[in-house]
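Have a look at the structure below, then the notes.
Keep in mind that what you see is a predicted model, and the values were worked out from it rather than measured. Side chains included, hydrogens not; waters and symmetry mates left out as well; all remaining heavy atoms used. We number each residue from 1, following the sequence as shown.
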Amino acid sequence: MKNKTAILIFANSAQKEVERKSFLSYDVLAELNNQTIKTVQKAGIDYFHFSENNQVGANFAERFCNAISTVFNKGYKHIITIGNDSPQLKTKHLTASKKELEAHKNVIGPSNDGGFYLLGIHQKDFNKEEFLGFLWQTSQLQKSLISFFKKNQLSFTRLKSLNDLDSKHDLKLFLNCKKSISKKLHTLFLTLTFISKGFCTKLQHTLIHRYNSFIFNKGSPNFI
């Protein structure tokens, strides 16, 4: 196989994710998915998207680990895994991770909530049984992963810490990070905040939606 590295996007559809993150809107979640895929495509690395339609397992850990195993079984030697909830993720984070993997290092993109927004792992270093035992979806996940690397004497490097979008508090943080996220996402976050606070009437909401459509749909719609 010519390409030894693949990106695994582990992210549910907007329709499914809005059930879990009710503080966000369908439009926001759809744009997060759209932006994530565009960021990955710019990296020029093979990628696979695992949504609720092709995830297998009884819980998050099983679904995530099974997705990693599936991609490795396709013949890739390194995997870069990401979600769709890191608006600050850039193509440079992906290309830097690929470079580190090719230099025989694993990669952690730590999130400020104690988890990670990116994981670069070698096939030879992936131990599914141990991974299943990590403290998934907790503030201790990052520590679990680092402990695994250190215990098994595996080389790894850390990327710059970023914020994930998991709560209303995170939403407020991103409103103050205008320069590090896309203009469209910032506008959607701002609109969502106004609506949630009851600052918008139904008519104002409609006008904002039309304004956003006019500003951002300058060409043919891009369906992914």
Side-chain angles (χ1 to χ4, degrees), residues 1-14 17 28-55 63-111 115-126 131 145 149 154-165 174 177-186 188 216-224:
M1 176 178 287
K2 182 179 179 180
N3 298 320
K4 295 183 178 180
T5 304
I7 296 174
L8 164 61
I9 305 172
F10 193 81
N12 289 331
S13 66
E17 195 69 359
V28 168
L29 292 164
E31 178 57 24
L32 284 168
N33 273 334
N34 185 50
Q35 179 177 288
T36 299
I37 291 176
K38 286 183 177 179
T39 298
V40 169
Q41 289 176 335
K42 288 179 182 178
I45 303 171
D46 292 352
Y47 73 93
F48 301 89
H49 183 188
F50 279 71
S51 71
E52 71 275 11
N53 297 318
N54 54 349
Q55 295 171 12
R63 292 191 293 271
F64 184 65
C65 291
N66 286 336
I68 293 176
S69 295
T70 298
V71 176
F72 275 138
N73 288 339
K74 294 179 182 293
Y76 294 95
K77 299 301 180 184
H78 325 123
I79 289 178
I80 301 168
T81 71
I82 59 173
N84 67 344
D85 57 353
S86 299
Q88 297 168 312
L89 179 72
K90 308 295 183 185
T91 301
K92 65 182 181 181
H93 297 119
L94 302 174
T95 54
S97 297
K98 182 175 183 288
K99 184 176 181 180
E100 293 294 333
L101 287 165
E102 291 172 347
H104 310 292
K105 294 181 180 180
N106 295 291
V107 185
I108 301 174
S111 55
F116 58 80
Y117 65 87
L118 180 151
L119 169 65
I121 188 79
H122 294 273
Q123 182 185 35
K124 63 181 179 61
D125 296 337
F126 176 63
F131 266 58
L145 182 59
F149 286 145
L154 302 176
S155 179
F156 69 96
T157 188
R158 291 182 178 92
L159 300 180
K160 180 181 179 180
S161 295
L162 299 180
N163 290 311
D164 281 342
L165 184 56
F174 285 117
C177 299
K178 187 175 181 179
K179 292 183 178 180
S180 65
I181 63 176
S182 72
K183 183 177 179 180
K184 182 171 185 178
L185 272 179
H186 188 268
L188 286 170
F216 298 114
N217 293 334
K218 295 182 178 178
S220 300
N222 184 17
F223 295 103
I224 297 179

Inset, instruction - To the nearest 0.5 angstrom, please state how far the CG atom of Leu119 sits from the CD1 atom of Ile79. - result: 9.0 Å
Inset, instruction - Mind checking side-chain hydrogen bond (donor to acceptor under 3.5 Å, both in side chains) for Ser180 and listing every partner two or more places apart, or none if nothing turns up? - result: Gln88
Inset, instruction - Kindly say whether Phe50 contributes a backbone atom to a donor-acceptor pair with the side chain of Gln55 at under 3.5 angstrom? - result: yes
Inset, instruction - Only counting residues at least two apart or in another chain, list the ones meeting side-chain contact (heavy atoms from CB on, under 4.5 Å) with Ala11. - result: Ile9, Asn33, His49, Asn84
Legend entry - Spacing of CD1 belonging to Ile108 relative to OG belonging to Ser97, to within rounding of 0.5 Å: 11.0 Å
Legend entry - Approximate separation, where rounding is to 0.5 Å, of Ile80 CD1 and Thr5 OG1: 6.0 Å
Inset, instruction - Just jot down the ring pair (Phe, Tyr, Trp, His ring centres under 6.0 Å) partners of Phe64, sequence neighbours excluded, or say none. - result: Phe10, Phe60, Trp136
Legend entry - His122: partners by ring pair (Phe, Tyr, Trp, His ring centres under 6.0 Å), with sequence neighbours left out: His78
Legend entry - Audit row: Tyr76, Asp46, side-chain hydrogen bond (donor to acceptor under 3.5 Å, both in side chains) steps and yes/no: CA-CA 10 Å; Tyr76 294 95; Asp46 292 352; 2.8 Å; yes
Legend entry - Set of salt bridge (charged side-chain N to carboxylate O under 4.0 Å, His left out) partners for Glu102, sequence neighbours left out: Lys98
Legend entry - Heavy-atom closest pair, residues Lys184 and Glu31: NZ-OE1, 3.5 Å
Legend entry - Euclidean distance, Asn34 CG relative to Leu32 CG, rounded to 0.5 Å: 9.5 Å
Legend entry - Phe156: ring pair (Phe, Tyr, Trp, His ring centres under 6.0 Å) partners, not counting sequence neighbours: Phe149
Inset, instruction - For Phe131, enumerate each residue passing the ring pair (Phe, Tyr, Trp, His ring centres under 6.0 Å) test, keeping only those at least two apart in sequence or located in another chain. - result: Phe126, Phe134, Phe148
Legend entry - Smallest separation among heavy atoms of Phe174 and Pro87, with atom names: CZ-CD, 3.5 Å
Legend entry - Closest non-hydrogen atom pair between Tyr47 and Gln41, with its separation: OH-NE2, 3.0 Å
Legend entry - Spacing of Ile7 atom CD1 and Leu94 atom CG [to the nearest 0.5 Å]: 4.5 Å
Inset, instruction - Report the C-alpha separation of Ile82 and Thr36 in whole Å, then their side-chain angles, then the decisive distance to 0.1 Å, and conclude whether the side-chain contact (heavy atoms from CB on, under 4.5 Å) test is met. - result: CA-CA 9 Å; Ile82 59 173; Thr36 299; 3.8 Å; yes
Legend entry - Shortest non-hydrogen contact from Leu101 toward Gly120: CD2-C, 3.7 Å
Inset, instruction - Report yes or no: does Thr91 contribute a side-chain atom to a donor-acceptor pair with the main-chain N or O of Ala43 at less than 3.5 Å? - result: no
Legend entry - Close side-chain approach of Leu159 and Leu118, heavy atoms under 4.5 Å: yes
Inset, instruction - Check for a donor-acceptor pair, side chain of Ser51 on one end and backbone N or O of Asn12 on the other, with a separation under 3.5 Å. - result: no
Inset, instruction - Taking side-chain hydrogen bond (donor to acceptor under 3.5 Å, both in side chains) as the test, write out the residues that go with Ser182, two or more places apart. - result: Gln35
Legend entry - Asp164: partners by salt bridge (charged side-chain N to carboxylate O under 4.0 Å, His left out), with sequence neighbours left out: none
Inset, instruction - Taking side-chain hydrogen bond (donor to acceptor under 3.5 Å, both in side chains) as the test, write out the residues that go with Asp125, two or more places apart. - result: Asn106
Inset, instruction - Apply side-chain contact (heavy atoms from CB on, under 4.5 Å) to Lys90 and list each qualifying residue two or more places apart in sequence or on a separate chain. - result: Lys92, His93
Inset, instruction - Please name the pair of heavy atoms, one in Ser86 and one in Tyr117, separated by the smallest distance, quoted to 0.1 Å. - result: OG-CB, 3.1 Å
Inset, instruction - Can you sort out the partners of Ser13 under side-chain contact (heavy atoms from CB on, under 4.5 Å), two or more places apart, ordered by chain and number? - result: Gln15, Lys16, Glu52
Legend entry - Distance, nearest 0.5 Å, that separates CG of Leu162 from CD1 of Ile181: 12.0 Å
